[in-house]
Protein chains: 2
Amino acid sequence: MVKRLDDNDLASIDHIGLALWRAAHDWRHRMRAELAARGYPWHESAAGEVLAHLGPSGISQALLTERMGLSKQAVQQLVDQLEVLGVVGRAPDPHDGRAKRIVLTELGLADFAERNKVKRLIEQQYRDKLGPEAFAALEAALARLAQ
Amino acid sequence: MVKRLDDNDLASIDHIGLALWRAAHDWRHRMRAELAARGYPWHESAAGEVLAHLGPSGISQALLTERMGLSKQAVQQLVDQLEVLGVVGRAPDPHDGRAKRIVLTELGLADFAERNKVKRLIEQQYRDKLGPEAFAALEAALARLAQ
DNA sequence: CTAAATCGTCAAGTCGCTTGACTAGCACGG
DNA sequence: CCGTGCTAGTCAAGCGACTTGACGATTTAG
């Protein structure tokens, strides 16, 4: 036996979970990097996640908290950052004196539009790489798993 | 119009990247929770990731660092935690006075075995949910994406 | 109309990682 | 065989992304 490699016993780590993990991170990385390159650098930080839950009609901070699955304090901090950057603003909710609505500024709306473009771009890259049938199969399998 | 929902404009967020993200996190969560439930709670913390790169024959800290894609200090801290817990130990490398080998203790070896069991279990859950063809298609698509 | 729940805020702490500064051992060209 | 530089590991400090705790201001329920 010439040489026993360190990782002889690591064949076991190459499972589908790892493949999923890598694919998810690849997607995330492409998305964040592309948006940062296009002039929306906050997508490189955690605050960018907020924008994934925020459309032109705005959202209450409480609902945002629920959707993001974080503590309300965490969400508050992320929104604070975006507010400083001028991407979102806070407006009082007319129907509830406690609540505030998070709304997109003009810059935020531009970000929203760009995000959709980039999403389609990366989806197309994946489709090109896999072919349309395999891409559809992937989508279907993931949807099935999510149920 | 009865009611305009907050998320009318959020249809765009439901893309394949998100599905991948969720699937990856589901896998990770099942893995960690199951291992924790079986008496290996460190898989709930970042230190558990170390064990994914560590087999019975051990590994040098430097190589581990390279594999994990973290700074050497980060890896050191994670290994420290596992050492305190008695899962791994540090042995001097006979061929290199600077290096130390990270090796599994008896507890670590039990963890290694359990990890493989759980991995197979969860893979089987996924296979059951998808059916063998779709599962194979998912594996193939993910492998293709990783290239 | 009071009691409880909800919305948001301020403060402090934890976890997972990073960068910086350092020591001990190895490698190699002169 | 020796110094110059590279590599393995350690110690310390700090930062980002969260958490928990405590709180005032509303709204809702009984």
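Everything numeric here is computed off the predicted structure, so don't read it as measured data. Within every chain, numbering begins at 1; the chains are lettered A, B, ... in the order of the sequence lines, protein sequences first and strands thereafter.
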Original post:
Is the phosphate of C:dT9, meaning OP1 or OP2, less than 4.0 Å from a side-chain N or O of A:Q76?
Top reply: yes
**OP:** Check step by step if salt bridge (Lys or Arg N to Asp or Glu O under 4.0 Å) holds for B:R28 and B:E49.
**Re:** CA-CA 11 Å; B:R28 181 190 179 75; B:E49 285 301 301; 3.5 Å; yes
**OP:** Would you mind classifying the nucleic acid contact of A:Q61 as base, sugar-phosphate or nothing, using non-hydrogen atoms under 4.0 angstrom?
**Re:** sugar-phosphate
Original post:
Are any of B:S71's side-chain N or O atoms less than 4.0 Å away from OP1 or OP2 of C:dT18?
Top reply: yes
Original post:
What's the CG-P distance between A:L63 and C:dT6, to the nearest Å?
Top reply: 14 Å
**OP:** Would you confirm whether B:R90, through its side chain, and B:E83, through its main-chain N or O, come within 3.5 Å as a donor-acceptor pair?
**Re:** no
**OP:** Whole angstrom is fine here: how far is it from NZ in A:K100 over to C1' in D:dT26?
**Re:** 12 Å
Subject >> Integer-rounded Å distance: D:dT28 C1' and A:H95 NE2 >> reply: 17 Å
Subject >> C:dG8 phosphate, OP1 or OP2, under 4.0 Å from A:R101 side-chain N/O >> reply: no
Original post:
Atom CD of B:Q73 to atom C1' of D:dG9: distance rounded to whole Å?
Top reply: 9 Å
Original post:
Touch check for A:T65, heavy atoms < 4.0 angstrom, all strands: base, sugar-phosphate only, or nothing?
Top reply: nothing
Original post:
Charged N to carboxylate O under 4.0 angstrom, B:D26 versus B:R22?
Top reply: no
Original post:
Looking across every strand, which nucleic acid part, if any, lies under 4.0 Å from B:K72 by heavy atom: base, sugar-phosphate, or nothing?
Top reply: base
Original post:
Looking only at side-chain N and O atoms, does A:R98 come under 4.0 Å of OP1 or OP2 in D:dC23?
Top reply: no
**OP:** Consider the side chain of A:Q81, meaning its heavy atoms from C-beta on, and name the nucleotide among D:dA8, C:dT9, D:dA17 that approaches it most closely.
**Re:** D:dA17
Original post:
Base, sugar-phosphate alone, or nothing: which one does A:D96 contact when heavy atoms must sit under 4.0 Å apart?
Top reply: sugar-phosphate
**OP:** Quick one: label A:A74 by what it contacts on the DNA or RNA (base, sugar-phosphate, nothing), any heavy atom closer than 4.0 Å.
**Re:** base
**OP:** Starting at atom CG of A:L82, determine the distance to atom C1' of D:dG16, rounded to an integer number of angstrom.
**Re:** 15 Å
Subject >> A:A62, nearest nucleotide to its side chain (from C:dC7, D:dA13, D:dT19) >> reply: C:dC7
**OP:** Pick base, sugar-phosphate or nothing for A:A99, based on heavy-atom distances below 4.0 Å to the nucleic acid.
**Re:** sugar-phosphate
Subject >> Lys/Arg-Asp/Glu bridge criterion (N-O < 4.0 Å) met for B:D111, B:R115 >> reply: yes
Original post:
Given atom CG of B:D93 and atom C1' of D:dA8, what is their separation to the nearest angstrom?
Top reply: 10 Å
Subject >> A:E49 CD - D:dG16 C1' separation (whole Å) >> reply: 15 Å
Subject >> Length of the line joining B:Q77:CD and D:dC11:C1', which is rounded to integer Å >> reply: 10 Å
Original post:
What class does the angle between the rings of A:H25 and A:W21 fall in, given that below 30° is parallel, 30 to 60° is tilted and above 60° is perpendicular?
Top reply: tilted
